[in-house]
Protein chains: 2
Amino acid sequence: MDIHNIEEEQVKFLRCIGEATRLRILKHIIDGEKCVTDIVNAVGKEQSLVSHHLKHLKDCNIVIARQKAQKAYYSLAHHRLAEIIIQSESLVKELPVCQEKDCNE
Amino acid sequence: MDIHNIEEEQVKFLRCIGEATRLRILKHIIDGEKCVTDIVNAVGKEQSLVSHHLKHLKDCNIVIARQKAQKAYYSLAHHRLAEIIIQSESLVKELPVCQEKDCNE
DNA sequence: CTATATTATGAATATCCATTCATATAAATT
DNA sequence: AATTTATATGAATGGATATTCATAATATAG
């Protein structure tokens with residue numbers, strides 16, 4: 001795998017987490033695996049849509065799925081993913097737009 | 001600015017850096033400001049396209065522009081941006097796909 | 001065995017977005 | 001003043017992708 005493929009993978013990764021519903025899914029499973037129904041309730045979107053996004057996240061190796069009976073449990077594929085999510089959030093708060101708008105939760 | 005706007009800004013940010021040409025631009029100016037012509041040569045894309053992407057990056061507060069005579073110099077809007085770029089790259093190398101393919105430059 | 005609960009999937013649609021092309025603006029050089 | 005250099009911009013287009021809908025698949029419960 002050369003540098004170009006790395007960059008392609010990096011773009012694929014960033015684009016994958018850079019979508020509203022997927023980011024909400026990730027933030028919801030950040031503290032441990034959750035089943036699909038649970039995630040659907042948390043993000044407030046259609047089951048079908050959540051399932052599509054979970055597949056997308058899995059194809060990008062961002063989450064892993066564990067099957068237990070008729071339920072599927074999803075969790076982050078790597079502990080460092082949580083760091084990136086947290087750090088990019090805290091960075092965004094420091095960027096000019098947020099600063100101007102007095103950016104605190 | 002409440003939590004929802006933060007998340008919107010985070011998505012906007014991640015999506016903005018999650019594009020091949022823009023990521024290449026960012027990696028090229030990571031060590032200091034560069035003029036447009038220089039960036040165009042580095043990324044090997046049309047001047048017009050690079051200009052559009054620079055505008056996009058500026059609108060997202062990811063880069064800042066400095067005008068000097070007829071030249072425009074672009075640089076990262078925040079020192080922590082470099083960290084995110086580097087860290088997401090190193091994280092991607094640790095994800096399953098890259099591991100399988102024996103992922104080293 | 002039928003019904004219900006849980007998750008996945010394919011097709012269709014609609015929206016978004018990267019790219020190209022043509023052109024504008026503005027400064028510098030001749 | 002005319003030409004060249006450097007950068008920006010608006011419109012058009014093609015391709016990607018989020019969402020919805022209908023339905024499949026599979027397991028459990030009654």
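Just so it is clear: chains get the letters A, B, ... in the order the sequence lines come, proteins before strands, and each one is counted from 1.
In this structure, E89(A) and V92(A) have side chains that are not in contact, with every pair of non-hydrogen atoms separated by 4.5 Å or more. E9(B) places none of its side-chain heavy atoms less than 4.5 Å from the side chain of L95(A). Side-chain contact between L54(B) and S51(B) is absent, with no heavy atoms from C-beta onward closer than 4.5 Å. Using a 4.5 Å cut-off on side-chain heavy atoms (C-beta onward), F13(A) and L91(B) make contact.
Within residues 32-50 of chain A, the residues approached by DNA chain C to less than 4.0 Å at the level of any non-hydrogen atom are C35(A), V36(A), T37(A), Q47(A), S48(A), in residue-number order. Against DNA chain C, the stretch residues 13-24 of chain B makes heavy-atom approaches under 4.0 Å through R15(B), E19(B), T21(B), R22(B).
In this structure, Y74(A) reaches the sugar-phosphate backbone alone: every heavy-atom distance under 4.0 Å involves primed, P, OP1 or OP2 atoms, never a base.
In this structure, CG of L57(A) is placed 14 Å from P of dT17(D), rounded to the nearest angstrom. Atoms NZ (K55(A)) and P (dA18(D)) sit 14 Å apart, rounded to a whole Å.
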Show me, pair by pair, the donor-acceptor contacts under 3.5 angstrom made by side chains of residues 39-48 of chain A, not counting sequence neighbours?
residue: N41(A); atom: ND2; partner: T37(A); partner atom: O; Å: 3.3

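On a pure distance criterion of 3.5 Å, no polar donor-acceptor pair joins the side chain of H52(A) and the base of dT17(D).
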- Message: At under 4.0 Å between heavy atoms, how does the protein contact nucleotides 24-30 of chain D? Give one character per nucleotide, 5' to 3', with B, S or -.
- Response: ---SS--
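Nucleotides of DNA chain C with any atom under 4.0 Å from a heavy atom of chain B span, from 5' to 3', dC17(C) to dA28(C).
Here the side chain of R66(A) pairs no donor or acceptor atom with the backbone of Y73(A) at under 3.5 angstrom.
Under the side-chain contact (heavy atoms from CB on, under 4.5 Å) criterion, I30(B) pairs with L76(B), A82(B), I85(B), I86(B), not counting sequence neighbours.
In this model, the phosphate group of dA18(D) is approached by a side-chain N or O of H56(A) to a distance below 4.0 Å at OP1 or OP2.
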